Amino acid sequence: MIPFSNPRLFIFNALDAFNGNKKRQQFNDVKTIIENTSLNGIHNKTIQYLSEILNHACNTTPFYTKYTGIEQLEDFPVIDKNIIKANFKTFESAVYKNLKKTTVKTSGSTGTPFKVYQNINKINRNEADNLYFSQKAGYTIGNKLFYFRMWDAFGKKSFLAKWAQNIEPIDVFDLNDTYLKKFIAKLKKNKSAKSWIGYASAFDQVCKYLNNIKAKPINCNLKSVIAISESLSPSTKKALKKYFNVDTVSRYSNVENGIIAQQFPNTSYFVINSASYYVEILELNSNKPVKLGEKGRIVITDLFNYCMPMIRYDTGDIGCMDHADGKLVLKQIEGRKIDVITNTKGEIIANNLLLLINKYHELNQCQLIQKTRNKYIFKINIDGEFKNEKKFVDEFKSYLGNNAIIEIHYVNEIPLLASGKRRVMVNETIKAKA
């Protein structure tokens, strides 16, 4: 192949070669560990990385100093977002405080705005993880990447970044029939290799539109589709295969860490990213491990964030680990409980509207409750005064409706369900109708 037939891939490889092939080395390391992990889910490199991050955390962070000398992971405390937020500075490594780092902010999908710092090697590792798992789904560097997301809740990419990554951002709140008609027409005209990544609910909207217009299969050279953030329904997966001849996979990831696990084409289970994380499944009401095949809390240790070590971090999700095809995998993953919310016109808001609280990091927790067609209550847990309350209300009105009646209720805690999950959006009108 002529190198310039895929200029972005050529540029990516050339820049990496100039910088000592660091990204290629990371990619090869990820590939080697995941594809050569033993039946118990542990590779020698994983054990090495785990030991190194535990020693680093104990020797350089105030929070973990008291655990110096402890070698067993199970003797470390289980932490979560609230613990990190309350002790933020004690989680920072003294070695990395004055070194170059990046701040990453979560989407607020748990109802808890959150940020962490990441060192450069961690960022490079995330990029290697992303490349490995994306390739497994059918993606190649240089493919046109359509990214379905609630972009208003995230920092927008620069023009240069969009060009380099060949990304076309698609805001999920634009997916009405008029927009989708133009979008499908655009896909049909462009026969270059392309990929999709985005919320499962966005793909559901695309497929519903195609079903409604009784569309025929679309030959647009779609190479891969990766669903994130939400569970992908079997009907949507089947429809994407019907219309685009693509095997859609689901990815389990979060903003503060990265890719934890992902399906591969034609598999229902999730391959664990054992190259970058040590994953545990713990009981709902204790820190004891569950038996294989039983559901529990997904708790991870990030093996590469040396800037802000996250050891035994409770993701807030529920999962089940078991053996499949000679590997230890995640058989099932359940996220946060989210009811369907409607705007004041009665139109369904298919996406998690609480992603918007990414902008309000002064909040500890937030929950949206729909009481009637046009009345909404936000339960907010915050330390001190919420100075951005008016801006907050006005922003949500732009999505719920200008005539929405929004009340703010300040609370000390938003309780978990018996399952261990927290409901971040609740629609009480459904119960009222029932």
Side-chain angles (χ1 to χ4, degrees), residues 52-68 70 73 75-123 125-126 153-155 253-258 260 276-278 287 297-317 336 354-367 379-389 392 410-414 416 422 424:
E52 289 171 352
I53 192 68
L54 295 182
N55 288 332
H56 169 78
C58 292
N59 291 326
T60 71
T61 66
F63 184 86
Y64 288 109
T65 298
K66 54 181 167 291
Y67 300 101
T68 301
I70 294 177
L73 180 64
D75 292 328
F76 282 77
V78 175
I79 61 171
D80 59 19
K81 289 181 179 180
N82 291 328
I83 291 175
I84 295 176
K85 287 185 73 169
N87 304 276
F88 191 83
K89 290 189 178 299
T90 68
F91 278 90
E92 293 182 69
S93 169
V95 175
Y96 285 83
K97 262 193 173 181
N98 297 318
L99 298 180
K100 187 177 180 181
K101 56 181 174 280
T102 294
T103 304
V104 293
K105 300 178 180 180
T106 71
S107 61
S109 60
T110 61
T112 305
F114 184 57
K115 72 175 182 179
V116 297
Y117 297 138
Q118 293 182 349
N119 50 291
I120 300 303
N121 193 51
K122 165 64 179 174
I123 296 166
R125 187 66 171 200
N126 277 357
F154 299 86
S253 62
N254 62 31
V255 177
E256 60 268 36
N257 300 110
I260 302 166
S276 300
Y277 305 94
Y278 187 88
N287 293 334
R297 294 175 294 141
I298 300 176
V299 174
I300 67 171
T301 295
D302 192 323
L303 303 178
F304 282 84
N305 192 347
Y306 276 62
C307 186
M308 202 166 184
M310 298 173 72
I311 298 167
R312 305 194 84 193
Y313 173 65
D314 191 330
T315 62
D317 298 316
R336 292 85 186 172
L354 279 196
L355 292 169
L356 285 171
I357 67 171
N358 183 45
K359 299 178 178 180
Y360 303 92
H361 280 266
E362 64 268 39
L363 303 183
N364 294 325
Q365 296 170 323
C366 183
Q367 182 184 58
K379 287 187 177 181
I380 286 178
N381 174 359
I382 186 174
D383 299 323
E385 181 184 358
F386 187 18
K387 296 180 180 179
N388 288 312
E389 181 181 306
F392 179 92
Y410 292 96
V411 298
N412 293 324
E413 177 69 22
I414 297 172
L416 297 172
R422 178 176 284 112
V424 296

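Just so it is clear, the model here is predicted, and its values are computed rather than measured.
To the nearest 0.5 Å, atoms NE2 (His56) and OH (Tyr96) are separated by 5.5 Å. Considering CE of Met310 and CG of Asp80, their distance stands at 10.0 Å, rounded to 0.5 Å. Separation of atoms NE2 (His361) and CG (Leu363) is listed at 9.5 Å; rounding is to 0.5 Å. Taken from OH in Tyr67 to OG1 in Thr65, the straight-line distance is 10.5 Å, to the nearest 0.5 Å. With values rounded to the nearest 0.5 angstrom, Ile298 atom CD1 is found 10.0 Å from Asn254 atom CG. Residue Asn82 holds its CG atom at 7.5 Å from CG of Asn381, rounded to the nearest 0.5 Å.
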Run the side chain to side chain contact (heavy atoms under 4.5 Å, CB included) check on Thr68 and Asn59 step by step: do they pass?
CA-CA 7 Å; Thr68 301; Asn59 291 326; 4.3 Å; yes
Check the pair Phe91, Ile79 against side chain to side chain contact (heavy atoms under 4.5 Å, CB included), reporting the backbone distance first and the verdict last.
CA-CA 11 Å; Phe91 278 90; Ile79 61 171; 3.7 Å; yes
Tell me, with the steps shown, if Leu54 and Leu73 meet side chain to side chain contact (heavy atoms under 4.5 Å, CB included).
CA-CA 8 Å; Leu54 295 182; Leu73 180 64; 4.0 Å; yes
Stepwise, does the side chain to side chain contact (heavy atoms under 4.5 Å, CB included) test hold for Glu52 with Leu303?
CA-CA 8 Å; Glu52 289 171 352; Leu303 303 178; over 6 Å; no
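Put simply, the side chain of Lys81 reaches to within 4.5 Å of the side chain of Glu256, judged on heavy atoms. With a 4.5 Å cut-off on side-chain heavy atoms, Lys122 and Tyr306 do not count as touching. Between Thr301 and Phe76, every side-chain heavy-atom pair lies at or beyond the 4.5 Å cut-off. In this structure, Cys366 and Leu354 have side chains that are in contact, with non-hydrogen atoms separated by less than 4.5 Å. Residues Tyr278 and Ile53 have side chains not in contact (no heavy-atom distance under 4.5 Å, counting atoms from C-beta outward). Residues Lys359 and Asn388 form no side-chain contact, since every pair of their non-hydrogen atoms from C-beta on lies 4.5 Å or further apart. Residues Ile380 and Tyr410 have side chains in contact (heavy-atom distance under 4.5 Å, counting atoms from C-beta outward). Contact annotation: the side chain of Phe114 never approaches that of Val255 to less than 4.5 Å [non-hydrogen atoms, C-beta and beyond].
For NZ of Lys85, the number of neighbouring non-hydrogen atoms (other residues, nucleotides, ligands) closer than 6.0 Å is greater than 12. Counting heavy atoms of neighbouring residues, nucleotides and ligands inside a 6.0 Å radius, atom CG of Asn412 does not exceed 12 of them.
Between the side chain of Thr60 and the main chain of Ser93, no donor-acceptor pair closer than 3.5 Å is present.
Stacking of Lys66 on the aromatic ring of Phe63 is recorded, both the 6.0 Å distance cut-off and the 45° axial limit being met.
Closest heavy-atom contact between Asn119 and Cys307: OD1-N, 3.1 Å. Residue Gln118 comes nearest to Asn257 through the heavy atom pair NE2-O, 4.0 Å, listed as atom of the first residue, atom of the second, then distance. Counting all heavy atoms, side chain and backbone alike, Gly258 lies closest to Asn126 at CA-OD1, 4.2 Å. Nearest heavy-atom pair, Gln365 versus Ile414, reported as atom, atom and distance to 0.1 Å: OE1-N, 3.1 Å.
Aromatic rings of Phe304 and Tyr277 (six-membered ring for Trp) have centroids beyond the 6.0 Å cut-off, not under it. Taking the ring centroids of Phe88 and Tyr117, they lie under the 6.0 Å cut-off.
Checking Asp383 against Asn364 by side-chain atom types alone, a donor-acceptor pair falls below 3.5 Å. For the 3.5 Å distance criterion, the side chains of Arg125 and Asn305 fail to qualify, holding no donor opposite an acceptor.
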